[in-house]
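Have a look at the structure below, then the notes.
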Amino acid sequence: MHYAYVGCRTTKERNARGEGLKTYEILPDGSWKCLQCLETEPNPSFQTLDNEGKYLYSVHGDFTKVSSYRVLPDHTLEHMNTIDIGGKNPVDVTVDRENKHVIVATLQGGTLYTITRNEDGSLGEVAAKYTYEGKEAGKVSTIHQCLWDHKKNFLFACAQGRINGYGQMRALRYDHETGEFTQTDRFLSRTWDEPRHAAVHPNNRWVYMCEEKGNKVLFFRFDDEKGTFEALQELTTVPETVTGYSDASEVMVDPSGKFVLVSNRYTDSIAVYRIDPVTGYLRNVGFYPCLGKTPRFFCFGDNGKCYVANEDSDTIVEFDFDNVTGTLTPTLNILHTGSPVCIVFAD
């Protein structure tokens, strides 16, 4: 983990202060040095690297576009191409196991797009689409994530109802040749709970999903041969003393596989749960302030530290994470950058 790419929001409609897609070098003392701020299409809000780390792909939130970038020898980025997929508000992007396709989830579009990767790493044509139907013709359920199981045979895609659709999480079998998806299972949430993101345990058998409006984390047992899952537990993501508005935003399994963490916007906290190593069930072990406003995204580096992107306070805050107790301790290493909403690490 020597470099980081940071996505952001840039538009007035998002009250954003981001300036573009940034590249940082992570120095031996843990500080971050900005190498590049690349002006892009608006809202370069979520990124992923290809499997070889040679190309980076970015969605442009609130719009309909996806971009490709070449990673140069100095780890800065060079824009290759931008395509318009037609689906509104792309919110997540990933690359398949064979490095053949790029998968994009669109929120208001309610559709997963499979995009062909050209030989030079740029984005090609849309090869397949998979839409979550809504409650009536012309309506959709809004997809918020596209997450592989660890074998990359199945995709988990959470979606929200938002009046016109159904809150749900689906497991979709992936055809590596055509890029098409086939549903193997579906979980329907309670009305208004609104599933947002999921995380897969290293054993590939346990899946943890957070519900944005319900402020809950759910545990599922997953069969990675059949692509089926079973919901077994749900817990709150905020303390029982919190009675105000809160939105769960991100969920991660820590690198040790011992804990699940969930961030909460507006209450600006992170909930930590210990995973039972035999059953996979969760037990809450604490709630921690994220030291900023609106922690839309967080992730772990390969150094074991947790990095929290606080969108509305323009900071990325570094925490030490104790994988014995589950304690989060701020290191006081704080990066100031406009409206951060995604971090991708690279070597």
Side-chain angles (χ1 to χ4, degrees), residues 1 145 147-150 156 158 169 171 187 189-190 193-224 229-243 246-292 295-310 317-331 343 345:
M1 187 182 85
Q145 188 190 33
L147 174 75
W148 295 110
D149 80 304
H150 291 304
F156 297 100
C158 295
M169 181 175 74
F187 166 80
S189 69
R190 296 189 181 100
D193 275 356
E194 305 292 45
R196 181 178 173 91
H197 284 179
V200 182
H201 190 273
N203 67 17
N204 215 39
R205 295 186 291 108
W206 302 336
V207 178
Y208 302 93
M209 182 264 282
C210 71
E211 294 182 325
E212 179 175 335
K213 301 301 181 183
N215 290 285
K216 298 171 185 174
V217 59
L218 280 70
F219 163 51
F220 297 80
R221 184 179 294 130
F222 175 61
D223 184 323
D224 65 4
F229 51 67
E230 179 184 10
L232 297 175
Q233 182 190 26
E234 71 171 31
L235 294 172
T236 180
T237 65
V238 293
E240 62 184 11
T241 53
V242 170
T243 59
S246 180
D247 279 349
S249 53
E250 188 61 275
V251 57
M252 293 281 175
V253 179
D254 88 294
S256 73
K258 298 176 182 177
F259 294 90
V260 168
L261 291 79
V262 179
S263 61
N264 299 287
R265 291 169 292 170
Y266 311 115
T267 48
D268 298 331
S269 64
I270 296 180
V272 182
Y273 308 85
R274 184 184 300 276
I275 301 171
D276 186 295
V278 176
T279 66
Y281 280 82
L282 300 177
R283 179 173 63 85
N284 178 259
V285 295
F287 300 93
Y288 297 88
C290 65
L291 303 186
R296 182 178 292 272
F297 177 87
F298 73 92
C299 64
F300 285 90
D302 61 14
N303 57 4
K305 297 182 186 294
C306 181
Y307 296 86
V308 181
N310 294 307
V317 181
E318 179 187 79
F319 291 83
D320 282 326
F321 183 71
D322 188 324
N323 65 13
V324 176
T325 65
T327 302
L328 279 168
T329 305
T331 67
I343 307 167
F345 291 116

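A donor-acceptor distance shorter than 3.5 angstrom exists from the side chain of Gln145 to the backbone of Ala198, with no hydrogens or angles considered. Between the side chain of Ser249 and the backbone N or O of Pro295 there is at least one donor-acceptor pair closer than 3.5 Å. In this structure, the side chain of Asn264 engages the main chain of Thr237 through a donor-acceptor pair within 3.5 Å. Side-chain atoms of Thr267 never come within 3.5 Å of backbone atoms of Ser246 as a donor-acceptor pair (strictly under, hydrogens ignored). With hydrogens and angles ignored, the 3.5 Å screen pairs a side-chain donor or acceptor of His150 with a backbone N or O of Val200. At least one donor-acceptor pair closer than 3.5 Å links the side chain of Asp254 to the backbone N or O of Phe259.
When all heavy atoms of Gly257 and Ile275 are compared, the closest pair comes out as O-CD1, 3.5 Å. The minimum heavy-atom distance linking Val262 with Ala248 is given by the pair CG1-CB, 4.2 Å. Closest non-hydrogen pair, Cys299 versus Phe345, comes out as SG-CE1, 3.7 Å. Minimum interatomic distance between Val278 and Trp206 (heavy atoms only, all atoms of both residues): O-CZ2, 3.7 Å. Minimum heavy-atom separation, Phe156 to Trp148: CD1-C, 4.5 Å.
Checked against the 6.0 Å centroid threshold, Phe298 and Phe319 do not count as a close aromatic pair.
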Assess the residue pair Asn310 and Val317 against the criterion (side chain to side chain contact (heavy atoms under 4.5 Å, CB included)); give the C-alpha distance rounded to whole Å, side-chain angles, the decisive distance to 0.1 Å, and a yes or no. CA-CA 8 Å; Asn310 294 307; Val317 181; 3.5 Å; yes

Where do Thr325 and Val285 land on the side chain to side chain contact (heavy atoms under 4.5 Å, CB included) test, with the steps shown first? CA-CA 8 Å; Thr325 65; Val285 295; over 6 Å; no

How far apart are the C-alpha atoms of Leu147 and His197, what are their side-chain angles, what is the distance that settles it, and do they pass the side chain to side chain contact (heavy atoms under 4.5 Å, CB included) test? CA-CA 8 Å; Leu147 174 75; His197 284 179; over 6 Å; no

Please test Leu261 against Leu328 for side chain to side chain contact (heavy atoms under 4.5 Å, CB included), starting from the C-alpha separation and ending with a verdict. CA-CA 10 Å; Leu261 291 79; Leu328 279 168; 4.0 Å; yes

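Side-chain contact between Thr329 and Tyr288: absent, with no pair of heavy atoms (C-beta onward) separated by less than 4.5 Å. Counting heavy atoms from C-beta on, the side chains of Val272 and Phe321 come closer than 4.5 Å. Between Met209 and Phe187 there is a side-chain heavy-atom pair separated by less than 4.5 Å.
If you check the side chains of Glu318 and Thr331, you find a donor sitting under 3.5 Å from an acceptor. A donor-acceptor pair shorter than 3.5 Å can be found between the side chains of Asn204 and Asp224.
For residues 272-289, there are no salt bridge (Lys or Arg N to Asp or Glu O under 4.0 Å) pairs, not counting sequence neighbours.
Note on Lys213 versus Glu194: no salt bridge recorded, every NZ/NE/NH1/NH2 to OD/OE distance being 4.0 Å or above.
The CZ atom of Phe297 sits 4.5 Å away from the CE atom of Met252 when rounded to the nearest 0.5 Å. Summarising the geometry, atom CE belonging to Met169 is positioned 8.0 Å from atom CG belonging to Leu218; distances are rounded to the nearest 0.5 Å. Between Cys290 atom SG and Arg296 atom CZ the span is 13.0 Å, to the nearest 0.5 Å. Rounding to the nearest 0.5 Å gives a distance of 11.5 Å between CZ of Phe300 and NZ of Lys305. Annotation: the span from Lys216 atom NZ to Arg190 atom CZ amounts to 4.5 Å, rounded to 0.5 Å. The structure places CD of Gln233 at 8.0 Å from OG1 of Thr279, a figure rounded to the nearest 0.5 Å.
Taking the six-membered ring for Trp and thresholds of 30 and 60 degrees, Phe219 and Tyr208 have nearly parallel ring planes, at less than 30 degrees apart.
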